Amino acid sequence: MSWRQAGRELRHLRFQTALALCAIAVAVALPVVLLSVGGGVVAHELDALQHSGFQIVVGASGLHGISSTHTLSSRIGALANVRASSPLLSLPLTVFLPGGGEAPVLAEGVIPGPFLATASPQESGLFPQPLPLGDPTDSVHFANGTYRGPATNSILLSSPLATARGIGTGDRIGLSASGNRSQTTEFNVTGTFGLPPSLLGPTGAFVAILPLSDLQLRSGTALSGSGALIDGSDSIEVALSGSAASDSGAVASVASAIQGLVPYYDVATQDQQVAALLDAESVLTGFYLALSSFSLAIGFVFLGVLLVRRVEALRAPIALRRAVGVPARSLAGEFARTAVALGAGGAALGVVAGIVVVRVLAAYGSPAVSAVAQLAVFDPVQLLGIAAAVVAVAMLLSLAATRAALRLSIPEALR
């Protein structure tokens, strides 16, 4: 073999080494991005759940599945250790602005008094207290299910909506469920409120809060066409009083009592919701790892081929060392060190690349992508685990190169 040919082979080997490092780095970057962003979103939701102002949630299947909400909320509120029972109805509506124009909003129907009582400290600080929505119990307008009591027609708007559309306290706006201006009801804007950090985009920041009975009438969830009572809502959040709020036994006891009132509804405690969220995280982590295994497999195949190709490129020096009695374990150790160096280098580059990708998405991605990327959590233990797994597989791949080196014919390699 000429010196020129040997030089070409060495340059080709260095080029293959660089490609192998890039392949492993790209393969590692994918699970880093998926696991950090997915874990960050779950951690954000867990934190919001654990710091919420309520301990039990009542829900039902179907659209606005809870019926007789006002009565049920009162019955739940009368149970021992219950501090507040707050129903919630969410619907998309259209707001018609004072100077013309319209805007889509997410309307939240609440009973003003219990609503603040079940909000977390972070959320309650964003609202005027008490809520300037009139009757704090919403019982006057509800009028025992007739909805014939006097309505205040008061509404609170989120500050992003009020600022973007130039609406202030004291303005009157139209509200319609059909999007038809001729079918609107005028509401008086009695205040604004801030929004807690969330995954909502700009459109989702357009939120309005009004009394539950008012929203039910606007959306057809108050009475049926025949006049039968519906009194619908999506959920009821229940806050416990005093030490019962942090006593899992007391929470379970109240949840059981509520389940007795509504045997066909779903009653979930905060602990159950946390457990369900953690189970979902485990499933998602498994899915992320399975998805990443394809890219990792490609990177490992490339690394394995490179290690075997090194044996071909260095066959003469390897044969010479074997001829002078260098033990097989020494050759195996050298290939293992090379594989570990390549695996560790590729893993380190992949971790850095994954972090850079997430940071770039957080800084320059679309609003929704940026909001999610900003929640990413880079767990050192998790990242070290990924790197350690890559290094371990690389060591196993070095056995293929060792086997190829030991199978070389010494006379033929030295010819």
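Owing to the predicted nature of the structure, the values given are computational and were not obtained by experimental measurement.
Looking only at distances, no side-chain donor or acceptor of S253 sits under 3.5 Å from a matching main-chain atom of G249. Remark: the backbone N or O of L261 is not paired with any side-chain donor or acceptor of R75 at under 3.5 angstrom. In this structure, T190 contributes its side chain and P132 its backbone to a donor-acceptor pair below 3.5 Å. Of the possible polar contacts, one joining the Q259 side chain to the Y265 backbone as a donor-acceptor pair under 3.5 Å is found. Under the 3.5 Å distance criterion, the side-chain polar atoms of S256 are left unmatched by any main-chain donor or acceptor of A252. Using a distance-only test at 3.5 Å, with no hydrogens or angles considered, no donor-acceptor pair links the side chain of S68 to the main chain of L72. A donor-acceptor pair is defined here as one N or O able to donate and one able to accept, closer than 3.5 Å; no such pair exists between the side chain of D214 and the backbone of P211. Checking side-chain atoms of S36 against main-chain N and O of V33 turns up a donor-acceptor pair under 3.5 Å.
Looking at T184 and S176, their side chains never bring a donor and an acceptor atom within 3.5 Å of each other. Using modelled atom types and a 3.5 Å distance limit, the side chains of Q216 and D231 yield a donor-acceptor pair. With hydrogens and angles left out, the side-chain atoms of T221 and H64 include no donor and acceptor closer than 3.5 Å.
Residues L175 and I155 form a side-chain contact, since some pair of their non-hydrogen atoms from C-beta on lies under 4.5 Å apart. Looking at I209 and S158, their side chains never come closer than 4.5 Å, going by heavy atoms from C-beta outward. Between V189 and R172, every side-chain heavy-atom pair lies at or beyond the 4.5 Å cut-off. Looking at L157 and V207, their side chains never come closer than 4.5 Å, going by heavy atoms from C-beta outward. Residues V390 and V28 are in side-chain contact: their nearest non-hydrogen atoms beyond the backbone lie under 4.5 Å apart.
Residues I386 and P31 share a closest heavy-atom pair of CD1-CB, 4.3 Å. Considering all non-hydrogen atoms of both residues, L349 and A25 come closest at CB-CB, 3.7 Å. Of all the heavy atoms in L240 and Q55, the pair that sits closest is N-OE1, 2.7 Å.
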> Step by step, would you call I66 with D234 a side chain to side chain contact (heavy atoms under 4.5 Å, CB included)?
Replying inline: CA-CA 6 Å; I66 295 180; D234 297 312; over 6 Å; no

> Please walk me through it: do S90 and E108 pass side chain to side chain donor-acceptor pair (under 3.5 Å)?
Replying inline: CA-CA 5 Å; S90 301; E108 305 277 3; 2.6 Å; yes

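Here the straight-line distance linking atom CG of L223 with atom CG of L217 works out to 7.0 Å at 0.5 Å rounding. Rounded to the nearest 0.5 Å, atoms CD1 (I236) and OG (S73) are 5.5 Å apart. In this structure, the separation between NE2 on H141 and CG on L212 is 10.5 Å, given to the nearest 0.5 Å. For the atom pair R165 CZ and L97 CG, the distance stands at 6.0 Å (nearest 0.5 Å).
Partner of T69 under the side-chain hydrogen bond (donor to acceptor under 3.5 Å, both in side chains) criterion, chosen from S233, S74, S85, S213: S233. A side-chain contact (heavy atoms from CB on, under 4.5 Å) with D135 is found for exactly one of V140, I111, T152, namely V140.
Between Y147 and H70, the ring-plane angle classifies as perpendicular under the 30° and 60° cut-offs.
Residues that satisfy the ring-ring contact (aromatic ring centres under 6.0 Å, His included) test with F115, not counting sequence neighbours, are F127.
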